[in-house]
Amino acid sequence: MPEQIIRDIQQNGWILRPQFLSAEDVRKLNLYFQEKRENFVPAKVGKEKQRLESVRGDHTLWVDPLDPPEVMKPILGFLQDLQRELNLNFYMGLKEFECHLAYYPAGTFYQKHLDRFSKDSSRSFSFVFYLNEEWKEEDGGELVLYNKAGEVVKIIYPTPGTFIGFLSEEFPHEVKVSHRERRSFTGWMHTRIIY
Ligand code: OGA
Ligand code: MN
């Protein structure tokens with residue numbers, strides 16, 4: 001685990017690494033995506049688990065972090081190392097994580113939100129890896145991170161293999177309208193066991 005990752009999180013509360021996954025990893029994950037395509041379901045919103053396309057338009061497939069498909073093992077190994085480092089350096093007490101593959105069909109988005117549900121204090125660190133084999137700015141679908149004052153902190157295009165991680169409490173964020181299908185692997189580290 002490169003020390004710079006921990007330093008970035010300490011300084012900014014977020015970490016961005018373009019091309020974190022190789023083109024080959026992204027290609028393999030896309031094959032898996034295609035294989036499982038029929039199993040994705042429209043994502044739900046909040047604790048009430050309502051489907052609200054005016055809020056978010058992605059379709060998701062949950063992945064068991066304790067029993068991941070072969071193709072996802074390198075990413076989950078990295079996340080386990082990262083979780084350990086976050087605990088060692090920041091005493092975050094992270095215990096579990098949950099994760100899903102997601103695709104946003106062309107024309108969909110995810111309105112500005114915080115990853116912590118109002119009465120749920122457990123989501124502490126959010127991460128996303130982008131699995132698009134190519135992406136141009138005009139394809140849209142950018143992730144916009146805000147600070148609590150509502151100022152834009154960072155705009156991230158979902159380019160191949162990019163990794164973004166951030167403290168869930170600190171950064172409201174949104175996914176702008178995507179003009180083509182947008183693929184990702186997304187998840188959250190929790191401060192306690194949630195199940
Ligand atoms: C989420 C989310 C960001 C992204 O799923 O909660 O904010 O860039 N995703 O896909
Ligand atoms: Mn989110």
Side-chain angles (χ1 to χ4, degrees), residues 9 12-21 26 29-30 33 40-63 65 72 75-76 79 82 94 96-137 139-148 150 152-191 194:
I9 294 169
N12 303 319
W14 52 271
I15 162 141
L16 176 64
R17 289 288 183 276
Q19 293 182 301
F20 181 83
L21 304 175
V26 172
L29 285 157
N30 270 278
F33 232 101
F40 282 67
V41 295
K44 303 283 169 55
V45 175
K47 285 237 127 168
E48 314 302 304
K49 303 269 189 254
Q50 288 172 315
R51 176 67 183 159
L52 279 179
E53 275 167 48
S54 56
V55 176
R56 67 187 290 189
D58 55 333
H59 294 235
T60 60
L61 176 69
W62 290 92
V63 172
M72 306 207 64
I75 300 185
L76 287 161
L79 288 168
L82 178 60
L94 302 167
E96 290 281 322
F97 57 92
E98 53 172 350
C99 43
H100 61 51
L101 291 162
Y103 72 86
Y104 289 71
T108 62
F109 54 86
Y110 193 159
Q111 275 186 4
K112 191 170 170 185
H113 64 280
L114 264 182
D115 283 341
R116 272 196 178 186
F117 301 132
S118 48
K119 292 197 188 95
D120 178 341
S121 63
S122 66
R123 282 182 173 177
S124 294
F125 190 80
S126 306
F127 53 83
V128 190
F129 298 83
Y130 296 108
L131 306 180
N132 306 299
E133 290 188 85
E134 52 177 321
W135 204 266
K136 301 189 194 72
E137 272 191 34
D139 295 327
E142 60 271 42
L143 170 67
V144 183
L145 286 192
Y146 299 88
N147 60 21
K148 286 195 164 160
V152 173
V153 169
K154 193 74 193 164
I155 297 175
I156 300 115
Y157 283 89
T159 52
T162 291
F163 162 54
I164 169 84
F166 56 91
L167 298 174
S168 307
E169 270 179 295
E170 299 298 324
F171 301 98
H173 53 280
E174 70 177 313
V175 177
K176 297 284 195 182
V177 179
S178 188
H179 303 300
R180 55 184 287 184
E181 182 171 300
R182 174 194 195 270
R183 296 179 172 185
S184 61
F185 173 66
T186 307
W188 304 271
M189 297 182 188
H190 288 255
T191 47
I194 48 165

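Residue numbers count from 1 along this sequence. In each ligand, atom 1 is the first atom listed, and ligand 1 is the first ligand listed.
For the pair Tyr110 and ligand 1, the shortest N or O to N or O distance does not fall below 3.5 Å. At under 3.5 Å, not a single nitrogen or oxygen of His100, backbone or side chain, sits near a nitrogen or oxygen of ligand 1.
Only the side chain of Trp188 comes within 4.0 Å of ligand 1, judged by heavy-atom distances. Of all the heavy atoms of Ile156, none lies under 4.0 Å from any atom of ligand 1, so neither backbone nor side chain is involved.
Here CG of Asp58 is found 7.0 Å from OH of Tyr110. Values are rounded to the nearest 0.5 Å. Going from atom CG of Asn132 over to atom CZ of Arg183 covers 8.0 Å, rounded to the nearest 0.5 Å.
The atom of His113 that is an N, O or S and sits closest to the Mn ion (ligand 2) is NE2. If you look at Asp115 and ask which of its N, O or S atoms sits nearest the Mn ion (ligand 2), the answer is OD1.
Ring centers of Tyr130 and Tyr157: at least 6.0 Å apart, outside the cut-off.
The protein heavy atom nearest to atom 10 (O) of ligand 1 is Arg182 NH1, 2.9 Å. For atom 3 (C) of ligand 1, the nearest non-hydrogen atom of the protein is Val175 CG2, 3.6 Å.
Under the 4.5 Å side-chain criterion, counting only non-hydrogen atoms from C-beta, His190 is in contact with Arg123.
Aromatic ring pairs are classed by plane angle as parallel below 30°, tilted from 30° to 60° and perpendicular above 60°; the pair His173 and Phe166 is perpendicular. Aromatic ring pairs are classed by plane angle as parallel below 30°, tilted from 30° to 60° and perpendicular above 60°; the pair His59 and Tyr103 is parallel. Using bins of under 30°, 30° to 60° and over 60° for the plane-to-plane angle, the ring pair His100/Trp62 lands in the perpendicular bin.
Using a 4.0 angstrom heavy-atom cutoff, His113 counts as in contact with ligand 1.
Residue Thr186 approaches ligand 1 through these ligand atoms, each under 4.0 Å from one of its heavy atoms: 5 (O). The distance from ligand 1 to the heavy atoms of Tyr130 drops below 4.0 Å at these ligand atoms: 4 (C), 8 (O).
Within a 6.0 Å radius of CD in Gln111, more than 12 heavy atoms belonging to other residues, nucleotides or ligands are found.
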